[in-house]
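Sequence lines set the chain letters: A, B, ... in the order given, protein chains first and strands last, and positions in each chain run from 1.
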Amino acid sequence: MKEKVELLVGQIPKRRVMTYGQIAALIGNPRAARIVGGVAHYGNKKLPWHRVVNKKGGLASGYPGGRRAQKEYLEFEGYKILGKDGDYWVDVDKLIWWPDLVGGESGK
DNA sequence: CGAGTGACCGCAA
DNA sequence: ATTGCGGCCACTC
């Protein structure tokens, strides 16, 4: 399970993001979004968890350093960061990314 | 070993 | 529209 999560997160290309629910669905547990969060906290911290956002595209709450730090990371990679003071989010509708199972190009 | 928590999501009231 | 509750796997105490 978590291996799939870590795998997917590790395969998330730059300028692209994935939602917890999405990953959870891909591993076979659409309702196990929390598990993804659990893996994020306990699992492999070497993975780009900053590219993982919630359904609203908002940044994680328990991220090391706070949402601010995560926002810095994302904008540093060139993400289109939106949001208000203290609350940030990305264009999940456009930056959302899916594994290469659609037939090659998943979006650019 | 047993119980509780965790960076979430979705439905129901 | 907002608040409340259930559900899953892995890890920690």
Side-chain angles (χ1 to χ4, degrees):
Chain A
M1 285 300 170
K2 63 180 182 71
E3 295 186 10
K4 283 188 169 186
V5 178
E6 295 177 351
L7 186 62
L8 288 168
V9 175
Q11 274 129 355
I12 300 173
K14 288 188 174 184
R15 309 302 189 83
R16 228 24 61 94
V17 295
M18 287 185 75
T19 66
Y20 291 95
Q22 184 179 5
I23 298 171
L26 289 172
I27 65 177
N29 290 301
R31 304 282 146 45
R34 338 178 46 185
I35 303 167
V36 181
V39 176
H41 189 73
Y42 300 109
N44 191 346
K45 302 191 290 260
K46 312 287 89 170
L47 295 171
W49 295 105
H50 58 270
R51 289 179 190 161
V52 185
V53 296
N54 58 31
K55 241 336 190 154
K56 313 174 212 52
L59 306 181
S61 31
Y63 192 84
R67 298 185 293 273
R68 238 277 304 274
Q70 193 173 9
K71 171 218 169 207
E72 295 285 323
Y73 263 89
L74 291 172
E75 71 176 353
F76 179 78
E77 292 191 352
Y79 284 75
K80 179 165 65 173
I81 306 298
L82 307 176
K84 307 174 186 189
D85 174 64
D87 191 39
Y88 305 100
W89 62 83
V90 296
D91 233 310
V92 67
D93 291 323
K94 297 174 184 171
L95 297 178
I96 189 70
W97 174 80
W98 289 81
D100 297 38
L101 46 71
V102 189
E105 192 52 58
S106 26
K108 166 88 58 71

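Put simply, the side chain of A/Arg67 gets close to the backbone of A/Gly86: a donor and an acceptor are under 3.5 Å apart. With hydrogens and angles disregarded, no donor-acceptor distance shorter than 3.5 Å links the side chain of A/Gln70 to the backbone of A/Tyr63.
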Nucleotide-resolved protein contact map, nucleotides 3-13 of chain C, B/S/- at heavy-atom distance under 4.0 Å: ----BBBSSS-
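A continuous path of ILVMFWY side-chain contacts below 4.5 Å connects A/Val52 to A/Ile96, so both sit in one hydrophobic cluster.
Comparing the C1' positions of B/dG10 and C/dA10 gives a spacing of 22 Å, expressed to the nearest Å.
Annotation for A/Ala60 and A/Tyr20: closest pair CB-OH, 3.9 Å, computed over non-hydrogen atoms.
A/Leu26 is not listed as a side-chain neighbour of A/Lys4, based on a closest heavy-atom distance of 4.5 Å or more.
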Step-by-step side-chain contact (heavy atoms from CB on, under 4.5 Å) determination, A/Ile12 to A/Trp97: CA-CA 7 Å; A/Ile12 300 173; A/Trp97 174 80; 4.1 Å; yes
Steps toward side-chain contact (heavy atoms from CB on, under 4.5 Å) verdict (A/Val92, A/Thr19): CA-CA 8 Å; A/Val92 67; A/Thr19 66; 3.7 Å; yes
Pair A/Val17-A/Tyr79, side-chain contact (heavy atoms from CB on, under 4.5 Å): steps then yes or no: CA-CA 9 Å; A/Val17 295; A/Tyr79 284 75; 3.4 Å; yes
Please assess A/His50 against A/Glu72 for the test side-chain contact (heavy atoms from CB on, under 4.5 Å), listing each intermediate value before the final yes or no. CA-CA 10 Å; A/His50 58 270; A/Glu72 295 285 323; over 6 Å; no
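For the segment residues 50-62 of chain A, no residue has any heavy atom less than 4.0 angstrom from an atom of DNA chain C.
Bounding nucleotides for the chain A contact on DNA chain B, 5' to 3', at a heavy-atom distance below 4.0 Å, are B/dG6 to B/dG10.
Paired with A/Asp91 under the rule salt bridge (charged side-chain N to carboxylate O under 4.0 Å, His left out), one option of A/Lys56, A/Arg15, A/Arg16, A/Lys80 passes, and it is A/Lys80.
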